[in-house]
Amino acid sequence: MSLTKLIFTSVCVLLLSACGNNVASEDQNKGSVSDGEKSSTKQVVENTDISKTVEEAQRQPSSAKPEAQQAQSIQGDSKDDEAGYSVVDGKIEEAAEIPAEDKKQLLAAFKEYMDAFNAKDLERYEAILAQNPEGFNLQEDLNNAAAIFKDFDIKRTATNVTITDYSGNRAYIYADFIIDVKQENTEAKDEVKQLTQFVKESTGWKVTSLQAIGSAAKGE
């Protein structure tokens, strides 16, 4: 699944949750809410085609792990070869024997991947994606990104950034994400654990796929 599909899904859940909280609060204070106010988030969903994205997200291949199973894989000392990460004593373990220059370039590529999206710079964002990504359709992802940049104020912050798997021309980077979403008077936050897979192309390390390990949406 692509980054923008994951974010579309999160935005849909977050804004609907936040809108529901706002409506409940207004109902208590005012006794009623106008139809226009109730439909504002629905209009956002329709304008950005999030509802379609949620349906597509729900139709992930059967090989995708259920969230409960994914959660089990990060408890205690474990190794998830398919996902590309391992946990030792409750901590994400860094891959061994990563050449210093590749490590530097990979972390720089991950930072650019973050910064380009936060800056809403479509050209920079496209430049950090693989030419033939394995986990998503490039043009569809760029179209979704353009819609997100236009309709939402989204900032992603990454912590615990760790190169968890490395094989010369391919690597996984684990990170804990906080996604802050704003749209008009609605604000929400999502916490996501994500694995981003990079491949080494002639122009450097590029994003080819990603995997959301789990998330907890919180409307504010």
Side-chain angles (χ1 to χ4, degrees), residues 1-11 48-50 52-53 56-57 59-65 70 80-86 92 94-95 97-150 152 154-177 179 192-215:
M1 181 181 291
S2 71
L3 164 69
T4 53
K5 281 190 176 182
L6 286 171
I7 289 183
F8 262 151
T9 304
S10 294
V11 166
T48 55
D49 202 21
I50 296 175
K52 177 181 178 182
T53 303
E56 292 175 349
R59 293 198 300 270
Q60 293 183 57
S62 58
S63 60
K65 294 183 177 180
Q70 292 169 344
D80 191 324
D81 293 321
E82 179 183 350
Y85 69 94
S86 61
I92 300 296
E94 182 175 82
E97 300 181 356
I98 307 172
E101 187 59 28
D102 271 350
K103 181 175 181 179
K104 178 181 177 181
Q105 292 178 5
L106 274 164
L107 294 177
F110 182 83
K111 183 177 185 301
E112 175 62 12
Y113 160 71
M114 295 284 295
D115 291 348
F117 191 90
N118 286 340
K120 298 185 176 183
D121 190 324
L122 195 61
E123 289 186 5
R124 282 176 64 189
Y125 178 68
E126 180 178 7
I128 199 62
L129 302 181
Q131 293 183 353
N132 296 292
E134 299 169 6
F136 54 92
N137 178 279
L138 180 60
Q139 190 56 55
E140 181 180 287
D141 191 74
L142 292 174
N143 291 342
N144 288 341
I148 289 174
F149 295 164
K150 176 178 179 293
F152 300 99
I154 297 181
K155 180 180 179 181
R156 297 184 304 150
T157 304
T159 59
N160 200 19
V161 178
T162 308
I163 302 171
T164 58
D165 197 49
Y166 172 84
S167 60
N169 61 357
R170 186 177 296 269
Y172 282 96
I173 294 182
Y174 172 96
D176 296 324
F177 282 83
I179 305 175
V192 180
K193 300 178 185 297
Q194 178 178 305
L195 278 168
T196 307
Q197 185 178 181
F198 287 79
V199 292
K200 196 172 189 178
E201 298 185 347
S202 59
T203 55
W205 290 95
K206 307 294 181 181
V207 175
T208 188
S209 69
L210 62 85
Q211 176 184 349
I213 301 171
S215 67

Residue that, paired with Phe117, satisfies ring pair (Phe, Tyr, Trp, His ring centres under 6.0 Å) out of Phe149, Phe110, Phe177, Phe152
Phe149
Nearest 0.5 angstrom please: Met114 CE to Lys155 NZ, how far?
9.5 Å
Shortest non-hydrogen pair, Leu195 vs Thr164, comes out as CD2-OG1, 3.8 Å
Output for pair (Asp121 CG, Ile128 CD1), nearest 0.5 Å, gives 12.0 Å
If you take all heavy atoms of Leu122 and Ala145, which pair is closest and at what distance?
CD1-CB, 3.9 Å
Would a distance-only check, ignoring hydrogens and angles, find a side-chain to backbone donor-acceptor pair under 3.5 Å from Lys206 to Phe198?
no
Exceeds 12 heavy-atom contacts within 6.0 angstrom, atom CD of Glu123:
no
Is Arg170 salt-bridged to Asp165, cutoff N-O under 4.0 Å?
no
Charged tip of Arg156 within 45° of Tyr113 ring normal and under 6.0 Å:
yes
Less than 4.5 Å apart, side chain to side chain, heavy atoms only: is that true for Gln139 and Asp141?
no
Could you check whether any side-chain heavy atom of Asn132 comes within less than 4.5 Å of a side-chain heavy atom of Leu138, counting everything from C-beta outward?
no
Test side chain to side chain contact (heavy atoms under 4.5 Å, CB included) applied to Ile173 and Val161, step by step:
CA-CA 7 Å; Ile173 294 182; Val161 178; 3.7 Å; yes
Glu140-Asn144 side chain donor-acceptor pair, cut-off 3.5 Å:
no
Judged by atom type as modelled, is there a donor-acceptor pair below 3.5 Å linking the side chain of Thr162 to the main-chain atoms of Asn160?
yes
Do the side chains of Glu94 and Lys103 get close enough for a salt bridge, i.e. N-O under 4.0 angstrom?
yes
Hydrogens and angles aside, do Gln211 and Ser209 bring a side-chain donor and acceptor to less than 3.5 Å of each other?
no
Closest approach of Lys200 to Gln105 (non-hydrogen atoms, all atoms of both residues)
CE-OE1, 4.4 Å
When you compare the side chain of Leu107 with that of Ile163, does any pair of heavy atoms fall below 4.5 Å?
yes
What are the two closest non-hydrogen atoms of Arg124 and Ala119, and how far apart are they?
NH1-CB, 4.0 Å
What distance separates Leu129 CG from Glu201 CD, expressed to the nearest 0.5 Å?
9.5 Å
Quiz question: by atom type and distance under 3.5 Å, do the side chains of Asp176 and Tyr174 form a donor-acceptor pair?
yes
Using a 3.5 Å distance criterion without hydrogens, assess whether the side chain of Thr208 forms a donor-acceptor pair with backbone atoms of Ala130.
no
Taken to the nearest 0.5 Å, the spacing of Thr203 OG1 from Gln131 CD works out to 6.0 Å
Can you name the closest pair of heavy atoms from Ala171 and Leu106 and give their distance?
CB-CD1, 3.7 Å
